[in-house]
Asker: 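Here you go, one structure.
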Amino acid sequence: VNNRDISIAVLRTFISKRKQEHEAVLSRRTKTAPKVSDEPAPELAAPIESVAHNGIDNGECQEAEEVFDDEPCSISEESVKALEGKVRGELKPPRVLEALSASGLRALRYAREVEGIGEVVALDNDKVSVEACRRNIKFNGSVACSKVESHLEDARVYMLTHPKEFDVVDLDPYGSPSVFLDSAVQSIVDGGILMCTATDMAVLCGGNGEVCYSKYGSYPLRGKYCHEMALRILLACIESHANRYKRYIVPVLSVQMDFYVRVFVRIYTSASAMKNTPLKLSYVYQCIGCDSFHLQPIGRSVPKNNSVRYLPGFGPVVPQECSDCGKKYNMGGPIWSAPIHDQEWVTFMLGDVKSMKDCYPAYDRISAVLTTISEELPDVPLFLSLHNLCATLKCTSPSAVIFRSAVINAGYRISGTHVNPLGLKSDAPMDVVWDIMRCWVKNHPVKAQPPDQAGSVILAKEPVLQANFARAVASLSKAQAKKVARFLPNPERHWGPKLRAGRQITSKHVSLLGPQALNVISNHEEDGEPQAKRKKTEDPTSNS
């Protein structure tokens with residue numbers, strides 16, 4: 001439900017943005033048209049037709065959306081330039097492809113709940129699933145029948161044979177989406193949006209680094225930031241597939257929720273803009289002794305006259321041994337080190353969700369996630385864990401407010417992260433962070449530790465910066481100051497991914513399903529066995 005609700009919020013924002021970008025291109029054309037010719041082109045004067053909903057509205061949800069559409073929403077210059085030259089007078093309703101539809105629930109919700117949606121194509125490679133989807137389409141009435149169509153197809157083949165036909169492509173597989181990405185980036189129109197989920201978190205978070213490298217082309221590291229690194233590995237993988245076709249991505253929202261990561265990226269075609277890709281990717285050096293990490297950009301750009309020259313990145317950014325604790329570094333990546341959210345989109349989505357509260361069953365959860373994302377520092381990759389810093393030094397932990405205040409008083413920015421309630425994003429370099437912790441330990445002494453431990457080496461150095469722990473004004477975010485809920489508990493016990501379809505349930509699955517579910521299954525099996533035996537003994541046609 002969380003996944004589908006946040007997808008609907010993104011889709012509503014995309015339709016609104018798409019309409020505004022179309023209008024911006026037409027208005028730019030009408031301004032420049034007289035300079036080219038005295039006679040205005042007929043196609044430029046054509047009005048933008050409003051998209052009908054095929055006869056059925058959504059009641060209160062529709063009214064709330066109409067009110068919100070009047071609010072201004074800025075348009076990126078990038079989007080307008082990408083659409084220029086490809087836009088005609090009429091804006092057609094967006095076509096949506098749900099590549100792995102199963103029962104079709106997501107496709108049906110898109111068709112019924114999102115205003116202005118066009119055709120929704122639901123694919124599945126399983127005959128039973130397609131039959132169930134078609135039953136559900138009929139069950140959901142005229143809106144579903146007129147907009148949703150279900151096909152028994154291999155998603156990869158279908159997307160390859162329908163290039164640049166869909167405005168929205170939704171990939172939500174069980175496991176890794178890597179095998180679908182190459183065909184997905186080819187099936188999206190310029191300026192379209194790809195929604196992609198990955199549930200193989202054990203692989204993405206460093207449990208099987210070699211498997212992650214074979215699937216995504218990046219090596220993960222097992223730090224506290226591993227879930228955000230998973231997001232950035234997935235984005236780097238999508239960018240890699242897009243680049244093969246002179247295309248590139250612009251992330252608008254990247255979320256780690258429950259037991260999966262989900263990214264929403266817009267895809268554009270431009271051979272020149274694609275050259276910026278190495279500037280958006282970095283390798284990560286993670287110290288094995290302390291929590292220090294450093295990013296090594298793959299490329300850099302140098303302005304030359306009226307053009308830009310692209311060169312390899314300078315390196316190495318770190319010596320052989322950590323300058324803080326003297327231990328070695330692990331190297332991971334490459335990861336996406338550019339912003340993973342568009343803050344304008346997030347703000348717009350948050351307002352849309354709040355104005356249509358009754359239309360989102362998981363309103364509490366998605367509003368909490370969007371609120372936290374809206375307060376993240378967009379240009380700071382990965383994050384620190386305050387508890388991990390203190391564990392390295394074997395000291396008592398300062399409160400988050402005190403630590404935030406010290407960073408702000410030192411002249412740097414700091415924020416939370418939606419990935420981890422204890423995570424802190426900051427543009428302060430690691431030597432400043434450790435200086436703040438050294439000053440904290442001076443006021444809160446620790447027991448003597450063996451001299452070869454990382455914490456002892458760090459504390460042996462005198463702090464260069466004298467930390468100021470006085471309460472700073474911005475030490476609490478706006479949401480924290482208003483006591484808005486940002487991290488909600490799981491809705492039930494044993495919350496998490498269930499078994500893949502067709503797997504036999506055994507006692508080892510107790511952590512996934514809970515003991516009650518296993519008891520029900522075992523009782524059912526015990527009840528079924530005597531009945532089968534009884535049938536054999538009572539069968540009059542048997543030889544015995």
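If you're wondering where the values come from, they're calculated on a predicted model, not measured in any experiment. Because only heavy atoms are used, hydrogens play no part in the values below, and waters and symmetry mates are left out as well, while side chains stay in.
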Asker: Given side-chain contact (heavy atoms from CB on, under 4.5 Å), test Ile373 with Leu253 step by step and report yes or no.
Answerer: CA-CA 9 Å; Ile373 289 173; Leu253 182 68; 3.7 Å; yes
Asker: Just by modelled atom types, is the Ala9 backbone N or O under 3.5 Å from a matching donor or acceptor in the Thr13 side chain?
Answerer: yes
Asker: I'd like to know if Glu228 and Lys425 make a salt bridge, using a cut-off of under 4.0 Å between side-chain N and carboxylate O.
Answerer: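 Salt bridge between Glu228 and Lys425, a charged N being under 4.0 Å from a carboxylate O: yes.
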Asker: Can a donor-acceptor pair be found, under 3.5 Å and without considering hydrogens, that links the side chain of Thr372 to the backbone of Ala368?
Answerer: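 The answer is yes, because a donor-acceptor pair under 3.5 Å joins these two groups.
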Asker: Is the shortest distance from a Lys or Arg side-chain nitrogen in Arg4 or Asp170 to a carboxylate oxygen in the other one below 4.0 Å?
Answerer: no
Asker: Measure the shortest side-chain to side-chain distance between Lys304 and Val308 over non-hydrogen atoms and say whether it is less than 4.5 angstrom.
Answerer: no
Asker: Of the non-hydrogen atoms in Asn140 and Arg112, which two are nearest, and what is the gap between them?
Answerer: O-NH1, 2.9 Å
Asker: Taking everything shown except Tyr213 itself, do over 12 heavy atoms lie less than 6.0 Å from its OH?
Answerer: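 Atom OH in Tyr213 is not crowded, with 12 or fewer foreign heavy atoms closer than 6.0 Å.
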Asker: State, to 0.1 Å, how close Ser337 and Leu295 come at their nearest heavy-atom pair, and which atoms those are.
Answerer: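 Between these two residues, the closest heavy atoms are CB-CD1, 4.4 Å.
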Asker: Is there side-chain contact between Pro334 and Tyr219, with heavy atoms separated by less than 4.5 Å?
Answerer: no
Asker: Start with the C-alpha gap between Leu105 and Glu98, add the side-chain angles, then the distance that decides, and say whether side-chain contact (heavy atoms from CB on, under 4.5 Å) holds.
Answerer: CA-CA 10 Å; Leu105 174 57; Glu98 194 196 350; over 6 Å; no
Asker: Heavy atoms only: give me the nearest Cys133-Gly104 pair and the separation to one decimal.
Answerer: SG-CA, 3.7 Å
Asker: Test your reading of the model: is there a side-chain donor-acceptor pair from Ser415 to the backbone of Leu377, 3.5 Å cut-off?
Answerer: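 Indeed, once roles are kept as given, a pair shorter than 3.5 Å links the two residues.
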Asker: For Leu181 and Cys196, work out which heavy atoms get closest and say how close.
Answerer: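 Heavy-atom minimum between the residues: CD2-SG, 3.9 Å.
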Asker: Is Gln343 close to Pro378 at the side-chain level, that is, under 4.5 Å between some pair of heavy atoms?
Answerer: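 Yes - at least one pair of side-chain heavy atoms lies under 4.5 Å apart.
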Asker: Let me confirm one number: the OH-CZ distance from Tyr110 to Arg12, rounded to the nearest 0.5 Å.
Answerer: 11.0 Å
Asker: Quick check on Phe259: does its CZ atom have over 12 non-hydrogen neighbours (other residues, nucleotides or ligands) under 6.0 Å away?
Answerer: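 Yes, the 6.0 Å shell around CZ holds more than 12 heavy atoms from other groups.
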Asker: Are the side chain of Asp124 and the backbone of Leu100 linked by a donor-acceptor contact shorter than 3.5 Å?
Answerer: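 No, the answer is negative, given that no donor and acceptor are paired below the 3.5 Å cut-off.
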Asker: Would you kindly say whether Asp5 and Tyr363 are connected by a side-chain donor-acceptor distance under 3.5 Å?
Answerer: no
Asker: If every non-hydrogen atom of Ser374 is compared with every non-hydrogen atom of Leu350, which pair is closest and at what distance?
Answerer: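 What the structure gives for the nearest pair is OG-CD2, 4.3 Å.
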Asker: Can you confirm whether Tyr260 sits close enough to Asn2 that some side-chain heavy atom of one is under 4.5 Å from a side-chain heavy atom of the other?
Answerer: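 Yes, close enough: below the 4.5 Å cut-off.
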Asker: With rounding to the nearest 0.5 Å, note down the distance linking CE in Met201 to OG1 in Thr199.
Answerer: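 Spacing of CE (Met201) from OG1 (Thr199) equals 9.0 Å.
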Asker: Can you tell whether the side chains of Lys357 and Asp364 come within less than 4.0 Å, N to carboxylate O?
Answerer: no
Asker: Can Arg156 and Ser183 be counted as having a side-chain donor-acceptor contact under 3.5 angstrom?
Answerer: no
Asker: Is it true that the NZ or CZ of Arg247 lies under 6.0 Å from the centre of Tyr268's six-membered ring and within 45 degrees of the ring axis?
Answerer: no
Asker: Test Ser7 against Arg109 for side-chain hydrogen bond (donor to acceptor under 3.5 Å, both in side chains), laying out the working first.
Answerer: CA-CA 10 Å; Ser7 301; Arg109 283 197 64 185; over 6 Å; no
Asker: Measuring from His241:NE2 to Gln186:CD, what's the distance to the nearest 0.5 Å?
Answerer: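 Atom-to-atom, His241:NE2 and Gln186:CD are 10.5 Å apart.
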Asker: Can you measure from OG (Ser16) to CH2 (Trp345) and round to the nearest 0.5 angstrom?
Answerer: 9.0 Å
Asker: Is Tyr245 close to Asp182 at the side-chain level, that is, under 4.5 Å between some pair of heavy atoms?
Answerer: yes
Asker: Against Val419, only a single residue in Met257, Lys224, His227 fulfils side-chain contact (heavy atoms from CB on, under 4.5 Å); can you say which?
Answerer: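 In the set Met257, Lys224, His227, the residue that makes a side-chain contact (heavy atoms from CB on, under 4.5 Å) with Val419 is His227.
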Asker: Decide ring pair (Phe, Tyr, Trp, His ring centres under 6.0 Å) for Phe264 and Phe14; before the verdict, give the C-alpha distance in whole Å, the side-chain angles of both, and the deciding distance to 0.1 Å.
Answerer: CA-CA 10 Å; Phe264 303 86; Phe14 170 69; over 10 Å; no
Asker: Are a donor atom and an acceptor atom from the side chains of Tyr360 and Asp352 found within less than 3.5 Å of each other?
Answerer: yes
Asker: Ignoring hydrogens, what is the shortest heavy-atom contact between Arg232 and Leu382? Give both atom names and the distance.
Answerer: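 Scanning both residues completely, I find the closest heavy atoms to be NE-N, 4.0 Å.
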Asker: What I'd like to find out is whether the side chain of Val261 reaches to under 4.5 Å of the side chain of Val255, using heavy atoms alone.
Answerer: no
Asker: To the nearest 0.5 Å, what is the distance between CG (Leu424) and CD1 (Ile414)?
Answerer: 4.5 Å
Asker: Does the pair Arg266/Glu21 count as a salt bridge with the N-to-O cut at 4.0 Å?
Answerer: yes
Asker: Walk me through it: do Tyr310 and Asn276 pass the test side-chain hydrogen bond (donor to acceptor under 3.5 Å, both in side chains)?
Answerer: CA-CA 8 Å; Tyr310 296 94; Asn276 288 315; 2.9 Å; yes
Asker: Are any side-chain N or O atoms of Thr197 and backbone N or O atoms of Arg262, one a donor and one an acceptor, separated by less than 3.5 Å?
Answerer: no
Asker: Between His151 and Tyr158, what is the ring plane arrangement, given parallel below 30°, perpendicular above 60°, and tilted in between?
Answerer: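 Plane angle under 30°, so parallel.
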Asker: If the threshold is 4.0 Å, N to carboxylate O, is there a salt bridge linking Arg95 and Asp167?
Answerer: no
Asker: Tell me if a side-chain donor or acceptor on Arg134 pairs with a main-chain N or O of Glu149 at a distance below 3.5 Å.
Answerer: no
Asker: Is there a donor-acceptor contact under 3.5 Å from the side chain of Asp126 to the main chain of Ser129?
Answerer: yes
Asker: Any donor-acceptor pair under 3.5 Å linking the side-chain atoms of Ser187 with those of Glu165?
Answerer: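 Per modelled atom types, Glu165 and Ser187 side chains form no pair under 3.5 Å.
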Asker: Tell me, with the steps shown, if Phe293 and Leu384 meet side-chain contact (heavy atoms from CB on, under 4.5 Å).
Answerer: CA-CA 9 Å; Phe293 65 86; Leu384 293 166; 3.8 Å; yes
Asker: Could you walk me through whether Leu311 and Val302 pass the side-chain contact (heavy atoms from CB on, under 4.5 Å) check?
Answerer: CA-CA 7 Å; Leu311 298 169; Val302 178; 3.7 Å; yes
Asker: Is any side-chain heavy atom of Val250 closer than 4.5 Å to one of Val265?
Answerer: no
Asker: Do the side-chain N and O atoms of Glu376 and His341 include a donor-acceptor pair separated by under 3.5 angstrom?
Answerer: yes
Asker: Looking at CZ of Phe139 and CD1 of Ile137, how far apart are the two atoms once the value is rounded to the nearest 0.5 Å?
Answerer: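 Rounded to the nearest 0.5 Å, the CZ-CD1 separation comes out at 13.5 Å.
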Asker: Under the salt bridge (Lys or Arg N to Asp or Glu O under 4.0 Å) rule, what do Asp342 and Lys17 come out as? Steps first, then yes or no, please.
Answerer: CA-CA 13 Å; Asp342 184 327; Lys17 284 269 193 181; 5.5 Å; no
Asker: Among Val121, Val130, Leu123, which residue satisfies the side-chain contact (heavy atoms from CB on, under 4.5 Å) criterion with Ser150?
Answerer: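 The side-chain contact (heavy atoms from CB on, under 4.5 Å) with Ser150 is passed solely by Val130 among Val121, Val130, Leu123.
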Asker: Distance-only, no hydrogens or angles: does the Ser301 side chain make a donor-acceptor pair with backbone N or O of Arg309 under 3.5 Å?
Answerer: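 No.
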Asker: Just say parallel, tilted or perpendicular for the rings of Phe166 and His162, cut-offs at 30° and 60°.
Answerer: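 Tilted, since the angle between the ring planes falls between 30° and 60°.
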Asker: Answer whether the closest heavy-atom distance between the side chains of Lys147 and Ile117 falls below 4.5 Å.
Answerer: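 Yes, at least one pair of side-chain atoms sits under 4.5 Å.
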Asker: Just checking, any donor-acceptor pair under 3.5 angstrom between side chains of Tyr216 and Ser240?
Answerer: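 Side chains of Tyr216 and Ser240: no pair found under 3.5 Å.
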